[in-house]
Amino acid sequence: MVQRPGVPTAPELVMETAEGRTVMTPSRTYHVGRDPLCEICLDDARVSWHHAILRPEGDHWTLEDENSTNGTWADGHRVRAWEIGPGSELRFGSESDGPRALVTARTPPPGPAVSSGRGGPAEVAAPSLTATFRRPTSVRPLGARSVLRIGRSPDSDLVLDDLQVSRRHAELVALADGGYEIVDVGSHNGTYLNGTRVTRSRIREGDIVGIGHSALCLVGDQLQEYVDTGEVSLDVQNLSVTVDNGRKTLLEGVSFPVGAKCLLGVVGPSGAGKSTLLGALTGLRPADHGTVLYDGRDLYRDYAELRSRIGLVPQDDILHVQLTVRRALAYSAELRFPQDTAAAERAARVDEVIRELGLEQRADQPIHSLSGGQRKRVSVALELLTKPSLLFLDEPTSGLDPGMDRSVMHMLRGLADDGRTVIVVTHSVLNLDVCDRLLVLAPGGRTAYYGPPEEALAFFGFEEWPEAYEAFENDRDRDWAGVYRASPQHRLYVDVAAGRPPPAAEAERAAGVLPHAPPKAQSWGSQLSTLVRRYAAVLAADRTFLIIMVALPFVMGGMARVLAGSALTLDTALNALFILVLGGVLTGAANSVRELVKERVIYQRERAVGLSRSAYLMSKVVVLGAITVAQAVVLTVVGLAGVRTNAPGGKGVFLPPLIEITLAVALLSFTAMLLGLMISALVSKEEATMPLLVLLTIVQAAFCGTLLKLTGVPVLEQLSWFVSTRWAMAAMAGTIDLSAIVPTKVTQDPLFDHEPGVWLLSVFMLLVLSALFGLVLSRLLRRHEPAIMRK
């Protein structure tokens with residue numbers, strides 16, 4: 001096989017130290033030192049902050065001393081540069097008793113396991129484990145046990161104390177041939193074999209079974225457990241994103257490593273690709289090229305399993321501000337934790353994050369009454385519910401004063417120190433000194449600098465950040481990325497080997513194979529129940545909405561009552577029915593026209609962690625539908641109670657006239673509510689809803705059938721079929737036999753006839769339009785979802 005120039009062919013090695021084992025692959029270099037961001041961190045005072053580098057060169061590895069204070073020894077010799085391989089013994093800081101490292105050859109895991117259980121047999125390849133191998137949290141001898149029960153329940157054989165794990169989650173079953181298979185027993189967050197969700201699958205030695213925050217590995221007759229405690233690394237390799245069929249580049253070749261417990265700040269001018277990078281790093285909008293490694297595992301390939309370990313706080317608050325802090329967190333916990341999680345367990349976790357973020361004094365306070373910094377803390381608390389190892393924040397200090405800016409950044413510093421990797425995208429440069437690393441993006445989405453924040457301005461040759469930003473804007477032809485790649489900082493802080501072949505997961509994406517969407521933490525019915533209760537609580541806390549909701553049907557009904565008089569006669573019938581139609585449209589559409597656009601950021605985040613689109617829509621339909629139908633009943637009863645309808649024989653087509661008219665207005669209001677939701681899903685800003693509501697009302701009024709002659713008029717008649725007021729007016733007119741009461745050219749409409757078939761057609765068309773609007777609404781809502789969720 002001919003090797004491509006520049007592609008390292010050095011073997012994979014394992015370096016064993018007192019801190020653990022590190023698998024070294026020839027795709028990168030490895031730093032040794034006291035710096036927590038080094039791939040091999042040695043906590044010994046004799047070791048320099050940046051002590052040595054392990055570098056793949058051709059078909060071998062080289063150890064290079066980085067001018068350390070106390071020196072580096074290899075195989076008994078003090079070295080500046082030394083070729084190493086299996087069997088090499090290294091000492092750092094002292095020849096006799098300095099921290100010791102032993103280099104061994106890596107034994108590759110056995111061949112792929114078989115049978116995914118979903119849709120029949122399938123090959124499940126073992127992941128490339130290039131992360132630091134920590135010592136197992138626990139080791140469970142299997143012995144002669146035939147079934148090992150795994151779950152959160154205390155009576156499980158292997159208890160995983162993790163709210164992401166179901167009480168009865170999975171079983172490890174011994175097979176007759178001496179092998180084992182993993183069986184998912186109906187868990188809510190799934191069981192994963194080498195990153196692929198399975199229901200039943202044979203496992204072999206070296207395979208990784210993912211359950212919640214735990215990774216289980218079969219080694220001989222033992223099951224070793226590795227718990228993701230939050231101290232994970234992120235390795236970003238050559239990320240690129242293009243749009244417009246590749247004509248425009250948003251992100252170009254961005255690479256950098258992020259160590260455990262690191263706070264990384266990402267800055268750059270507008271249009272530098274910061275938001276695009278955030279989407280690529282979180283997996284919500286995977287990069288077109290490149291790889292993101294979560295502790296050595298491909299994030300895109302294993303997204304369904306790893307997504308629960310990633311928290312994202314968008315720039316806009318992901319909160320229902322009408323609720324109290326505790327209540328908002330409680331509803332989010334219901335949606336994110338498995339369905340079998342007890343209320344007491346959820347409440348305990350909510351109280352825990354409230355204490356962690358210092359919100360005890362604000363826990364029972366409405367979110368809208370909090371300061372900007374406190375609200376941002378609540379958004380962070382919401383993401384911390386599931387104990388993410390990676391926390392991303394998009395402009396968390398936007399709009400905050402300098403004091404709040406400092407408070408939020410120091411809060412993030414504390415979160416990183418507590419054992420998380422935190423990445424913050426920000427425009428503010430006031431408190432970058434609290435970060436461990438700083439990534440500066442230049443226009444075009446290229447890396448202009450990556451390294452310690454205190455060295456950034458000196459690297460650019462400026463004293464203040466405004467000067468650097470002006471240079472980015474004024475000197476767009478300068479190759480900022482090329483200057484950085486040629487710098488010592490790149491060699492020291494990034495140093496990713498160029499020209500390596502694309503990983504398998506990237507090849508799959510190039511072939512059109514997209515990452516799997518995350519599973520739902522709860523059943524559809526359970527999600528619907530939680531969403532309905534939360535939405536009802538939000539509306540009940542909105543006093544302005546309540547007042548309008550109660551007053552509107554009474555006002556419109558009163559107007560109809562005044563116009564109707566004591567009976568629907570030649571002078572009053574048309575006006576009274578028109579007001580009822582107008583009132584039905586206004587009450588339905590006004591209730592819903594803002595509801596989706598104002599919650600868009602919340603929906604996008606919850607959808608990304610497994611929220612069902614249909615459950616979300618149905619919660620809106622159920623709550624708003626109940627309110628709208630109740631308003632329609634009030635509107636009709638207030639408008640027509642005690643009014644003689646002059647229907648033939650004093651009866652409607654099937655039922656008493658008031659009941660039939662109430663039914664028509666209720667169906668009209670319901671379809672108008674769905675139309676309002678369609679507008680809310682269509683627009684990008686809340687301010688655009690009111691003009692469209694006015695336009696909708698005008699169109700509905702014009703096509704109701706009493707202002708214009710529609711029957712027999714080409715185009716207008718066909719358009720009117722899709723207007724709900726056309727069918728609602730037809731049903732009401734048929735109930736009272738309007739063409740007989742008001743014999744005009746307009747009212748001689750065949751749809752106004754007092755006939756059972758005609759009346760049933762009108763009611764049926766209202767139902768059809770409701771179903772049609774609901775389908776269109778679902779498709780519109782899909783446009784605003786993360787790319788990973790668009791199935």
Side-chain angles (χ1 to χ4, degrees), residues 108-129 136 138-153 156-160 162 164-228 294-309 338 504-505 508 513-521 610:
V114 297
S115 178
S116 70
R118 282 188 176 269
E123 296 291 323
V124 183
S128 176
L129 300 175
S138 66
V139 177
R140 173 79 53 169
L142 297 176
R145 187 189 301 272
S146 60
V147 177
L148 180 76
R149 297 174 300 165
I150 306 170
R152 201 176 76 251
S153 175
S156 299
D157 299 315
L158 178 57
V159 179
L160 303 182
D162 180 358
Q164 294 292 313
V165 178
S166 299
R167 290 184 176 276
R168 300 280 188 271
H169 198 106
E171 293 178 348
L172 184 68
V173 180
L175 301 176
D177 61 3
Y180 293 90
E181 69 175 0
I182 190 72
V183 180
D184 186 274
V185 290
S187 69
H188 288 285
N189 284 328
T191 301
Y192 298 84
L193 178 62
N194 301 328
T196 300
R197 190 174 186 180
V198 297
T199 55
R200 177 183 295 269
S201 181
R202 186 184 183 94
I203 65 172
R204 297 180 181 179
E205 189 162 340
D207 284 343
I208 304 298
V209 176
I211 297 178
H213 285 79
S214 296
L216 308 177
C217 185
L218 186 65
V219 180
D221 61 350
Q222 296 179 338
L223 188 66
Q224 297 183 355
E225 178 191 4
Y226 297 82
V227 178
D228 185 344
Y294 175 104
D295 235 15
R297 300 178 60 185
D298 191 293
L299 175 64
Y300 296 161
R301 181 189 59 201
D302 298 347
Y303 179 76
E305 177 186 351
L306 299 177
R307 57 94 188 178
S308 63
R309 309 183 197 181
E508 290 177 359
V513 180
L514 295 176
H516 296 291
K520 302 175 179 63

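A quick note: this is a predicted structure, and the numbers were derived from the prediction, not measured.
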Report summary line: Between the CG atom in Leu216 and the CG atom in Leu148, the distance rounded to the nearest 0.5 Å is 9.0 Å
Query raised in the report: Run the side chain to side chain contact (heavy atoms under 4.5 Å, CB included) check on Arg149 and Val185 step by step: do they pass?
Result: CA-CA 10 Å; Arg149 297 174 300 165; Val185 290; over 6 Å; no
Requested in this report: Tell me, with the steps shown, if Tyr180 and Val209 meet side chain to side chain contact (heavy atoms under 4.5 Å, CB included).
Outcome: CA-CA 12 Å; Tyr180 293 90; Val209 176; over 6 Å; no
Requested in this report: Hey, could you give me the CG/CG distance between Asp302 and Asp295, rounded to the nearest 0.5 Å?
Outcome: 12.0 Å
**Report entry** Nearest atoms (heavy-atom pairs only) where Val159 meets Ser153
**Finding:** CG2-O, 3.6 Å
Requested in this report: Supply the atom-to-atom distance Arg309 CZ to Leu299 CG, rounded to the nearest 0.5 angstrom.
Outcome: 11.0 Å
**Report entry** Sub-4.5 Å side-chain heavy-atom contact between Arg307 and Asn189
**Finding:** yes
Query - Rounded distance [0.5 Å steps], CG in Leu158 versus CD in Glu171 - result: 12.5 Å
Report task. Determine the sole option in Asp207, Ile203, Ile208 for which the side-chain contact (heavy atoms from CB on, under 4.5 Å) test with Leu218 is passed. Result -> Ile203
Requested in this report: Taking Asp184 for its side chain and Ser187 for its backbone only, find out whether a donor-acceptor pair lies under 3.5 Å.
Outcome: yes
Query - Side chains of Thr191 and Ile150 in contact at under 4.5 Å (non-hydrogen atoms) - result: no
Query raised in the report: What pair of heavy atoms forms the shortest contact from Leu172 to Leu223, and how long is it?
Result: CD2-CD2, 4.1 Å
Query raised in the report: Do any N or O atoms from the side chain of Ser166 and from the backbone of His188 form a donor-acceptor pair under 3.5 angstrom?
Result: yes
**Report entry** Nearest-0.5 Å distance that lies between atom CD in Glu305 and atom NE2 in His213
**Finding:** 10.5 Å
Query raised in the report: Are any side-chain N or O atoms of Asp162 and backbone N or O atoms of Gly212, one a donor and one an acceptor, separated by less than 3.5 Å?
Result: no
Report summary line: Rounding to 0.5 Å, atoms CD (Gln222) and CD (Glu205) come to a distance of 10.0 Å
Report task. For the pair His169 (side chain) and Gly190 (backbone), establish whether a donor and an acceptor sit closer than 3.5 Å, ignoring hydrogens and angles. Result -> yes
Query raised in the report: Are any side-chain N or O atoms of Arg152 and backbone N or O atoms of Val165, one a donor and one an acceptor, separated by less than 3.5 Å?
Result: yes
Report task. Look only at the side chain of Tyr192 and the backbone of Ala304, and say whether a donor-acceptor pair between them is shorter than 3.5 Å. Result -> yes
